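Working notes for the structure below.
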Number of protein chains: 2
Amino acid sequence: MDKKDHHFLSDETVEEASRTFKVLADPTRIKILYLLSQEECSVTHMTEVLNMSQSAVSHQLRTLRGLRLVKSRREGNHFYYSCSDQHVINTLNQVITHIDCE
Amino acid sequence: MDKKDHHFLSDETVEEASRTFKVLADPTRIKILYLLSQEECSVTHMTEVLNMSQSAVSHQLRTLRGLRLVKSRREGNHFYYSCSDQHVINTLNQVITHIDCE
DNA sequence: TATCTATATGATCATATGTTCATATAGATA
DNA sequence: TATCTATATGAACATATGATCATATAGATA
């Protein structure tokens with residue numbers, strides 16, 4: 001391939017892609033996102049199902065919220081979280097599918 | 001969704017997915033993989049095109065080699081690297097495409 | 001109003017990761 | 001054989017990140 005035919009990524013694109021993959025690189029966030037991709041659920045529920053401390057779950061939810069990958073709604077004393085970025089879920093599912101079919 | 005209908009990921013699957021995303025989470029590796037997805041090239045060439053130190057490139061290639069995402073062949077004094085995991089390239093391209101079309 | 005429940009958050013600490021610098025190495029060439 | 005070139009690698013260092021612990025907070029309830 002001739003050098004002039006190359007496509008180069010802009011720094012912004014590289015950084016954005018890196019951010020996307022960084023979010024998905026942590027086991028805890030993978031579990032949370034995969035769970036939320038199947039059902040909306042409360043922090044308490046996540047904590048129980050994932051067998052993690054409330055604080056750890058909450059901190060990761062903060063990260064995910066900051067990146068607008070999840071959203072929450074209040075119902076009484078509970079906050080119900082759900083996914084808000086289908087593209088990230090698609091990417092996650094694609095990789096998981098590939099792993100599981102090997 | 002009823003709890004019994006949930007699909008849970010095994011720890012191994014989560015770990016494997018995490019590993020995959022971790023590799024793609026670093027800007028330098030993204031640049032290297034994207035370059036190699038377009039053409040086989042030598043370490044010297046990568047160093048010049050990516051404007052990075054030889055050592056930094058070489059260290060990252062070691063990481064990528066360890067994970068069998070790239071392979072190399074010798075030709076005289078040069079080592080030519082190329083991609084060896086199309087699935088990872090597909091994942092990378094999918095995310096990049098999504099970013100660039102926004 | 002006092003307290004309880006669910007969630008959020010700040011500080012701290014340990015670990016992981018990427019770069020640089022210095023140097024090693026293997027094959028090519030003088 | 002001496003040296004040069006391309007690449008690899010180890011040590012050291014700085015930064016980033018995730019978990020935990022303690023505590024704050026807001027709405028519900030007694």
Side-chain angles (χ1 to χ4, degrees), chain A residues 11 14-36 39-84, chain B residues 11 14-36 39-82 84 88:
Chain A
D11 285 348
V14 171
E15 283 304 322
E16 176 67 21
S18 171
R19 267 191 294 277
T20 300
F21 289 123
K22 272 199 177 79
V23 188
L24 292 167
D26 177 67
T28 297
R29 287 191 294 268
I30 290 178
K31 289 179 195 169
I32 290 176
L33 287 172
Y34 191 74
L35 179 58
L36 294 182
E39 69 162 356
E40 180 192 60
C41 63
S42 68
V43 179
T44 303
H45 187 205
M46 286 185 243
T47 299
E48 289 167 355
V49 172
L50 303 179
N51 194 31
M52 295 185 49
S53 76
Q54 180 269 320
S55 183
V57 171
S58 193
H59 275 296
Q60 292 302 340
L61 287 173
R62 178 184 162 88
T63 299
L64 295 171
R65 249 185 297 128
L67 295 165
R68 301 181 186 281
L69 303 189
V70 302
K71 61 187 182 220
S72 66
R73 66 180 180 85
R74 175 174 226 136
E75 196 176 300
N77 254 353
H78 291 259
F79 279 80
Y80 287 90
Y81 278 79
S82 57
C83 291
S84 58
Chain B
D11 285 349
V14 171
E15 284 303 323
E16 176 67 20
S18 171
R19 267 192 295 278
T20 300
F21 289 122
K22 271 200 178 78
V23 189
L24 291 168
D26 177 66
T28 298
R29 287 192 294 268
I30 290 178
K31 290 179 194 168
I32 290 176
L33 287 172
Y34 191 73
L35 179 59
L36 293 182
E39 69 162 355
E40 181 190 61
C41 63
S42 68
V43 179
T44 304
H45 187 203
M46 286 186 242
T47 299
E48 290 167 354
V49 171
L50 303 179
N51 193 31
M52 293 184 51
S53 76
Q54 180 269 320
S55 183
V57 171
S58 193
H59 275 295
Q60 293 302 342
L61 287 173
R62 179 183 161 88
T63 298
L64 295 171
R65 249 186 297 129
L67 294 165
R68 299 180 187 282
L69 303 190
V70 301
K71 62 188 182 219
S72 65
R73 67 180 179 84
R74 175 173 226 137
E75 196 177 301
N77 254 353
H78 290 259
F79 279 81
Y80 287 90
Y81 278 81
S82 57
S84 58
V88 165

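Quick note on labels: first sequence line is chain A, next is B, and so on, each numbered from 1. What you see is a predicted model; the values in this text were computed from it and never measured.
Put simply, NE2 on A:H45 and CG on A:L35 are 6.5 Å apart, with the number rounded to the nearest 0.5 Å.
Contact of the A:T44 side chain with the A:E48 side chain is registered, since non-hydrogen atoms from C-beta on lie closer than 4.5 Å. Side-chain contact check for A:T28 versus A:L50: every heavy-atom pair is 4.5 Å or farther apart. With contacts defined as side-chain heavy-atom distances shorter than 4.5 Å, the pair A:K31/B:D11 qualifies.
We find that CZ of B:F21 is positioned 16 Å from P of C:dT17, with the value rounded to whole Å. The CG atom of A:L64 sits 16 Å away from the C1' atom of C:dT9 (whole-angstrom rounding).
For A:E40, the salt bridge (charged side-chain N to carboxylate O under 4.0 Å, His left out) partners at least two apart in sequence or on another chain are A:R73. Applying the ring-ring contact (aromatic ring centres under 6.0 Å, His included) criterion to B:F79, with sequence neighbours excluded, gives no partner residue.
With a cut-off of 3.5 Å on both pairing distances, the Watson-Crick and G-U wobble pairs of DNA chain C assemble into stems of 3 or more at C:1-30 with D:1-30.
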Which donor-acceptor pairs under 3.5 Å do the side chains of residues 54-72 of chain A make with protein atoms, sequence neighbours left out?
residue	atom	partner	partner atom	Å
A:Q60	OE1	A:R29	NH1	2.8
A:T63	OG1	A:H59	O	3.3
A:R65	NE	A:Y81	OH	3.1

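Summarising the geometry of A:S18 relative to B:P27, their closest heavy-atom pair is OG-CD, 3.6 Å, with the distance given to 0.1 Å. Heavy atoms only, all atoms of each residue included: B:T47 and B:M52 are closest at CG2-O, 2.7 Å.
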Nucleotide-resolved protein contact map, nucleotides 11-16 of chain C, B/S/- at heavy-atom distance under 4.0 Å: ------
For nucleotides 3-8 of chain C, tabulate all protein N/O to nucleotide N/O atom pairs closer than 3.5 Å, reporting atom names and distance.
residue	atom	partner	partner atom	Å
C:dT5	O2	A:N77	ND2	3.2
C:dA6	O4'	A:N77	O	3.4
C:dA6	O3'	A:N77	O	3.0
C:dT7	OP1	A:V43	N	3.4
C:dT7	OP1	A:F79	N	3.0
C:dT7	OP2	A:T44	N	2.8
C:dT7	OP2	A:T44	OG1	2.2
C:dA8	OP1	A:Y81	OH	2.5
C:dA8	OP2	A:S58	OG	3.0
C:dA8	N7	A:Q54	NE2	2.8
C:dA8	N6	A:Q54	OE1	3.2

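For the contact set between residues 23-31 of chain A and DNA chain C, defined by any heavy atom under 4.0 Å, there are no members.
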